[in-house]
Chemist: 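Submitted below is the structure of interest, expressed as structure tokens.
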Amino acid sequence: MNTTTTADPSPVLPLIGVLTSTLVKVQNGFHSIPGSPILIRYIKSSYQNDPYRSLLELFLVVFALRTIFSRRTRGEGQSRNFVELTEKEIDELVDDWQPMPLVDGPTTKFEHTILPSLPVISGPASHKPKLAATGKTVLNLASPNWVGLLEDERIKEVAIGTLRGYGLSPCGPPGFYGTLDVHTQLENDIARFLGIDSVIVYSQSFSTITSVIPAFAKRGDVVVADKSVNFAIQKGLQISRCTVKWYEHNDMADLERQLKAVEKEAKRKGGPLKRRFIVSEGVFENNGAMIDLAKVVELKKKYKFRLILDESYSFGMVGKHGKGVTEVFGVPATEIDLLVGSMAVGLNAGGGFCAGMEHVTHHQRINGAAFVFSAAMPGLLATTASAAINIMQTSPQIYSQLAENIRTFRQGLAKLEGVTIYIPSNHQSALIHVYMLSPPESIELEERLLQDVVDDALGQGVLICRAARLRGQEVFEPAPSLKIMISAAFTKKETEKMANTVRNSLTKVLGSKSSVKVRKLRRISANASLLCKQRSDDDRLWQERMFSNTRPDSGSAYCSIPLAPGPLLRDFRLVHDLCFCYLLTIIILSVCLLSSPGQPSLSAADTCCTHDDPVIHFRRSIMVFSWLALFRLLFPFIFSIQL
Amino acid sequence: MLGHGPKGGYGFPNTAGSANGGPWGTNKSGNRHSEFGWDPNQNWRYTSQYDPNCKEPKEVEPTYFWLLTTYFSYLVLISLGHLRDFWGKRFNKKEFLHLMPQDGYAALMSDFDSFYTRRLKLRLDDCFSRPTAGVAGRTVTLLDRKSDDQHKSFQLTGTKTRALNISSYNYLGFAQATGGCADAVEAGIRKYGISAGGARLEAGTLDLHVQAEKLVSQFIGSEDAMIVSMGFATNSTTIPALVDRGCLVISDEFNHSSIRFGVRLSGASVRTFKHNDMKALDTLLRESISQGQPRTHRPWKKILVIVEGLYSMEGTMLHLPELIVMKERYKFYLYVDEAHSIGALGPNGRGVCDYFGVDPRCIDILMGTFTKSFGASGGYIAGNKDVIDRIRVKSHSMAYAEAITPPVLTQIISSMASIMGVSPPLTAATSSPDFKPTLALHPSSSDTDLPALQMAHEPGPAVYGPAPSHYLPPWMHLPPALLNGTEGRERLRRLAFNSRYLSSGLRKLGFVVSGHRDSPIVPLFLFHPGKMPVFSRMMLERVGKDRTPVVVVVVAYPATPLISSRVRFCLSAAHTKHDIDLILRACDEIGDILDLKTGKNRWSADEVIRRAEELVHEN
Ligand SMILES: Cc1ncc(COP(=O)(O)O)c(C=O)c1O
């Protein structure tokens with residue numbers, strides 16, 4: 001190629017002399033590599049035959065080199081910002097550096113009281129548990145126990161049966177011999193119960209949705225979510241790194257506005273179609289309100305969004321047979337693309353599930369992080385969940401009892417005088433949140449007042465709880481509230497008594513400061529979303545960053561590791577790219593070969609080429625191909641040895 | 001109608017697969033021994049303990065021939081996959097509908113992301129997610145299945161195969177449907193039912209939780225501990241309570257997915273270092289501390305180094321002594337995930353600290369799971385009281401996730417107590433000043449006032465005492481062998497022997513095996529993706545004299561680097577030496593057929609089996 005450099009006399013003779021000698025050296029070196037003459041001959045001749053092919057090959061080489069070297073620089077600490085320091089300076093800096101303590105202390109006085117004020121139950125959890133501190137039996141409004149199966153003897157027998165057949169734990173993830181027949185049975189049972197294609201069960205309810213969302217929504221995808229969604233959903237959205245748009249809690253007009261905006265934005269930007277999801281809850285864990293499912297389904301269809309519906313609280317709670325909000329609204333469960341529910345809450349067993357089409361659940365069996373990388377749940381939790389479904393199906397009177405209890409309780413609470421509270425919860429919901437209408441200045445004070453209510457009620461024999469909230473970690477800080485969970489296990493009389501007790505405690509604690517402002521009441525009930533106290537601007541900025549698809553420091557080398565094993569994914573990508581490269585080469589070479597009938601005449605004129613035979617031509621092509629291949633393949637190894 | 005419980009007797013009838021007399025089939029009390037093998041020979045015991053003089057075998061590097069051919073295999077697979085996609089999308093649209101945008105909806109799964117699953121994993125799907133029934137103990141019952149459509153769907157044939165199980169994380173053999181622990185769980189279910197009723201920070205705290213947490217902290221040797229209902233969530237919901245923006249997490253490259261999940265949720269910056277490479281860690285620490293945060297160069301708020309005790313895919317152990325020294329120097333916080341090492345390592349089964357003789361209180365956060373050695377589920381976080389108390393109110397799981405269920409807690413308490421042994425209650429003593437939890441335990445019942453034996457508290461670094469008897473619930477009655485800790489010790493020593501034997505034996509046979517010799521996880525490298533299904537199928541349907549089926553786990557990308565596909569053996573105290581012999585022979589046969597052996601000075605299988613004790617004790 002560049003071999004013959006006859007030195008022309010010129011003023012820079014010595015330079016050229018040096019150049020020539022190096023060139024000759026390089027040339028000799030190159031010639032000493034076995035196979036190189038063939039390569040040179042090939043390139044020479046092919047260049048004359050077909051300059052485009054040589055160009056393509058050159059391009060491939062450059063491409064290969066680029067991939068290799070781009071790999072080299074990625075992930076190293078040497079960003080533009082790097083400051084060179086001597087070892088001594090580093091030592092000094094190391095000596096000087098003082099980390100903050102591993103955990104911050106409690107920031108408020110109230111936080112000190114959280115743990116000591118927790119009720120500890122002695123003996124079984126039931127609708128009438130015994131308190132460890134006092135030994136008193138109380139009425140339990142603090143455990144999700146809709147159907148009242150907490151202490152059901154039938155369930156216990158099933159559990160013991162399974163224990164004796166299966167032991168406790170399958171001791172392995174579902175992929176590796178952890179899939180028991182009882183898990184499959186439970187999946188089928190739930191699927192049949194809901195009338196849906198297929199179901200996958202996870203071993204913890206909280207981790208289910210946190211894992212389901214990132215299995216589908218990826219960076220660049222758009223999620224439109226309700227502002228009041230529970231913490232697990234927020235975490236799922238955060239980890240998926242998709243673009244999140246929030247709509248006002250249960251505000252269908254705002255939802256439609258957001259959907260329209262997303263659509264418009266997509267039209268403006270063009271490009272490939274993005275996955276788009278609406279995320280909401282059946283009955284909201286944060287306030288007990290119910291989604292307007294019919295409307296959401298209508299909107300989702302209209303704007304072509306998929307719906308991820310978290311029924312962790314509504315499954316087993318609402319509907320004639322406890323099938324959840326789909327049953328309430330008469331919407332077939334198949335209309336929901338991803339329906340997430342909980343066996344721990346609704347069925348008094350453990351774990352969570354996701355229901356959908358077969359390919360939806362199948363995808364999660366490989367991509368649901370909490371499914372793949374965690375042990376399968378104990379067999380007895382699966383069979384007891386199946387048993388609970390069976391009981392729910394065969395005894396619908398449970399749900400009339402539950403509805404009755406809810407009504408009784410709410411009527412009892414409505415007699416409250418002198419104190420204004422606000423209950424955003426749906427009248428069908430067994431989960432009832434009680435908010436203060438005229439809250440004191442600080443959240444801490446409000447929490448403390450509510451805790452006083454809880455303590456007072458406990459003193460009178462009714463266990464309720466303050467909704468546990470992680471202050472400072474929620475996206476939209478929910479206002480403090482009392483969380484009350486009604487069970488079908490209570491009789492009407494007990495329910496009335498409990499309502500009276502809670503009412504008394506509320507009056508007693510909050511009544512003293514009952515400067516009731518009715519105006520405020522109206523305003524708030526008109527716009528429930530005000531319940532979400534907005535954080536300061538600074539915080540809002542933070543959460544925007546948290547949810548925007550570009551991380552603030554993504555430019556630096558300190559980007560966070562991907563969920564799927566990082567270096568591994570890169571390996572896979574690399575090999576994958578490589579194969580593409582080969583495929584391309586093969587295709588192009590074969591095209592060249594196939595079009596070669598015209599070539600003999602061409603090369604017949606070319607005296608220096610003796611290889612007009614297509615077979616030889618083919619062999620030569622293979623030669624180059626394998627050269628490229630070897631070169632490209634060996635590089636990573638040489639490389640990993642260096643590392 | 002309600003129960004899917006036992007189908008007669010203790011579980012499942014013994015099945016066709018072992019009818020020709022597997023090692024357990026001939027046993028009189030077949031079912032019991034199918035869970036936990038009987039192996040009285042005291043020579044086949046070993047103590048798992050760090051020995052600085054003991055040289056770890058050099059890792060065998062794969063030959064270039066293997067590497068190249070492995071890459072070539074992937075090349076063929078990927079090319080074929082694309083070819084099939086290309087044709088399929090044109091001529092078999094129905095199969096690809098869910099991968100293509102349709103009707104205004106974008107495809108739910110991306111074509112590229114699912115390529116690996118569709119085109120590579122599907123080919124060996126018969127080796128994954130095999131359905132089982134019954135106890136995953138020494139043996140496991142497979143529900144046979146077949147597929148008529150290239151693994152797209154499977155149908156159960158209705159027959160069952162009982163196979164030797166060298167795959168479950170059943171290190172100490174506590175996956176049992178019979179025996180003291182199972183009896184305790186039954187009693188627990190009768191007393192407590194199934195559910196704990198709600199989140200821990202609401203009303204889901206039972207006395208059982210408090211007891212279990214005390215016992216766990218005693219077991220680990222830390223001040224306090226908390227329990228979460230899922231091992232994965234233990235990491236993914238606790239790490240965000242420890243670090244946030246402005247903090248740096250330094251993480252081993254092979255850390256478990258749950259750790260990555262947690263770190264990503266926390267918002268902290270992350271750097272990874274080469275697996276177990278303390279030099280790389282040192283360099284990285286120096287760089288991070290001296291450079292500070294990116295762009296601003298502000299010092300990091302804190303640095304948390306997260307490592308695992310025993311790596312589940314590699315069988316390698318962390319270099320704890322070196323880490324402790326570095327911790328002094330660089331003032332980082334150390335988080336050790338002991339999911340696989342707790343219960344499985346150390347002379348007392350207390351994990352890597354016990355193994356290396358390091359005071360557990362030197363480590364800031366010790367995390368572990370109960371799914372493995374204890375045959376239960378869930379995980380724990382242990383550390384100083386103020387740290388744990390703070391995590392209790394900040395961790396997502398405590399506030400929002402369901403509390404761990406009572407049957408699981410019972411299993412944890414009983415299995416843990418039987419490893420520790422229970423100190424006998426002293427008859428006459430005054431009160432128990434040490435035992436005044438903030439959350440009082442049923443003071444109404446007289447049991448708590450029972451004179452409690454005071455442990456010599458402040459245990460030194462390696463003093464792991466028995467469990468004080470008042471830490472156990474009063475209704476729990478364990479058989480004497482569990483109470484006095486003899487059975488627990490026996491299990492530990494059996495596991496240690498089995499681990500060392502298999503690991504050394506496979507090496508002697510010439511296989512490429514990685515990991516520590518004391519590790520109960522033994523990965524055997526196959527490299528070629530094509531060998532994975534063949535290995536797995538040949539283990540299940542053995543040819544040759546001994547037809548005992550064996551189930552193995554084959555793992556490949558994405559759980560491992562692309563080229564190092566492997567078989568992973570998980571040993572158990574439930575295995576007898578003859579089981580290990582059987583596995584060695586089986587590997588020997590298959591290794592010859594699949595060309596898996598390398599190296600000189602190979603021994604024959606007979607020789608390995610004959611000189612087992614020598615192999616195990618060899619340094
Ligand atoms: C290192 C590590 N951490 C955490 C876990 C998760 O534990 P679990 O299976 O109990 O959810 C595992 C399980 O495989 C693990 O290997």
Side-chain angles (χ1 to χ4, degrees), chain A residues 77 85 90 93-94 97 99-100 102-103 114 116 120-122 124-125 132 135 142-143 151 158-162 164-165 167-172 175-177 179 181-182 204 206-207 231 273 275 304 344 348 350 359 366 370 373-375 383-384 387 465 468 470 556 558 560-561 568 571 579, chain B residues 2-6 11 78 98 101 104 106 117 128-129 131-133 135-136 167-170 175-177 189 192-195 197-198 201-203 205-207 230 232-233 257 269-270 286-287 289-290 294 301-302 333 371 375 377 387 390 393 399-402 405 411 439 442 444 553 562:
Chain A
L85 296 166
I90 294 180
L93 281 166
V94 168
W97 182 63
M100 284 167 52
L102 182 56
V103 287
I114 293 181
V120 179
I121 287 157
S122 159
S143 294
E151 262 201 302
V158 171
I160 290 168
T162 318
R164 292 309 186 179
L168 190 76
S169 161
C171 276
F176 302 146
Y177 308 100
T179 310
D181 51 354
V182 290
Q204 192 199 37
F206 179 85
S207 292
F231 194 75
L273 207 52
R275 278 174 285 252
K304 303 213 182 294
N348 291 123
H359 66 260
I366 303 127
F373 296 105
S374 178
T383 50
T384 47
C465 64
L470 298 180
S556 73
Y558 294 83
S560 109
I561 40 177
L568 312 181
D571 263 10
C579 289
Chain B
L2 285 181
H4 309 282
I78 292 174
H98 63 285
T117 328
F128 297 113
S129 305
T132 66
V135 180
S167 304
S168 295
Y169 302 135
N170 178 27
Q176 284 176 300
I189 294 173
Y192 281 92
I194 307 303
S195 170
L201 284 190
E202 289 176 349
T205 306
L206 305 181
D207 50 358
M230 180 195 200
F232 184 95
S257 160
S269 301
V270 198
R286 291 175 71 82
E287 185 195 311
I289 296 175
S290 61
K301 285 202 249 170
K302 53 197 164 195
Y333 297 105
T371 5
S377 79
V387 175
R390 198 64 197 138
V393 293
Y400 299 110
E402 73 255 30
T405 59
Q411 171 79 11
L439 316 169
H442 45 186
S444 54
V553 164
L562 192 60

Chemist: Using non-hydrogen atoms only, which part of B:T371 is less than 4.5 Å away from chain A: side chain, backbone, both, or neither?
Modeler: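 The answer is both parts of B:T371.
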Chemist: Just to verify, what does A:L102 make a side chain to side chain contact (heavy atoms under 4.5 Å, CB included) with, not counting sequence neighbours?
Modeler: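 B:L242, B:L304, B:Y333, B:D364, B:I365, B:V387.
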Chemist: Quick one: sort the B:Y400 and A:F231 rings into parallel, tilted or perpendicular, breaks at 30° and 60°.
Modeler: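 Rings of B:Y400 and A:F231: parallel, under 30°.
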Chemist: Is it the side chain or the backbone of A:L470 that comes within 4.5 Å of chain B heavy atoms, both, or neither?
Modeler: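 Looking at A:L470, backbone and side chain both touch chain B.
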Chemist: First locate atom CD of B:E402, then atom OG of A:S207, and finally report the distance between them rounded to the nearest 0.5 Å.
Modeler: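 It comes to 8.0 Å.
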Chemist: With the side chain counted from C-beta on, respond yes when B:Q411 and A:S169 share a heavy-atom pair under 4.5 Å apart, and no when they do not.
Modeler: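 Sidechains of A:S169 and B:Q411: no contact.
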Chemist: Relative to chain B, which of A:L93, A:V94, A:T384, A:I366 shows the most heavy atom pairs under 4.5 Å?
Modeler: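 Top count of heavy-atom pairs under 4.5 Å with chain B: A:V94.
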Chemist: For the residue pair B:A401 and A:Q204, what are the closest heavy atoms and their distance?
Modeler: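 Result for this residue pair: CB-NE2, 3.4 Å.
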Chemist: What pair of heavy atoms forms the shortest contact from B:E202 to A:A468, and how long is it?
Modeler: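 Result for this residue pair: OE2-N, 3.1 Å.
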Chemist: Between A:F176, A:F206, A:W97, which residue shows the highest count of heavy-atom pairs closer than 4.5 Å to chain B?
Modeler: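 Winner by heavy-atom pair count: A:W97.
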Chemist: If I measure from the heavy atoms of chain A, does B:T132 come under 4.5 Å with its side chain, its backbone, both, or neither?
Modeler: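 Its backbone and side chain both get close to chain A.
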Chemist: Less than 4.5 Å apart, any side-chain heavy atom of A:D181 and any of B:P131?
Modeler: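 Result no, sub-4.5 Å side-chain heavy-atom pair not found.
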Chemist: Under a 4.5 Å cutoff for heavy-atom pairs, which residue among B:N170, B:T405, B:I189, B:V393 has the most contacts with chain A?
Modeler: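 Greatest number of close heavy-atom pairs with chain A: B:I189.
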Chemist: Output the option from B:A175, B:G375, B:A233 having the highest count of non-hydrogen pairs under 4.5 Å with chain A.
Modeler: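 Highest number of pairs under 4.5 Å: B:G375.
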Chemist: Which heavy atom in A:S122 sits nearest to a heavy atom in B:D207, and how many Å separate them?
Modeler: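 Closest approach of A:S122 to B:D207: CA-OD2, 3.5 Å.
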Chemist: For residues B:S195 and A:N348, report the shortest heavy-atom separation together with the two atoms involved.
Modeler: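 Minimum heavy-atom separation between B:S195 and A:N348: CB-O, 3.4 Å.
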Chemist: Could you tell me which residues satisfy salt bridge (charged side-chain N to carboxylate O under 4.0 Å, His left out) with B:R286, sequence neighbours excluded, listed by chain and number?
Modeler: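 Salt bridge (charged side-chain N to carboxylate O under 4.0 Å, His left out) list for B:R286, sorted by chain: A:E87, A:D91.
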Chemist: Give me the one residue out of B:S168, B:S167, B:S377 that meets side-chain contact (heavy atoms from CB on, under 4.5 Å) with A:C171.
Modeler: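 The side-chain contact (heavy atoms from CB on, under 4.5 Å) with A:C171 is passed solely by B:S168 among B:S168, B:S167, B:S377.
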Chemist: What are the two closest heavy atoms between A:G167 and B:A177, and how far apart are they?
Modeler: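 What the structure gives for the nearest pair is N-CB, 3.7 Å.
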Chemist: Most heavy-atom pairs under 4.5 angstrom with chain A, which of B:G198, B:S290, B:A399, B:P101?
Modeler: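 It is B:S290.
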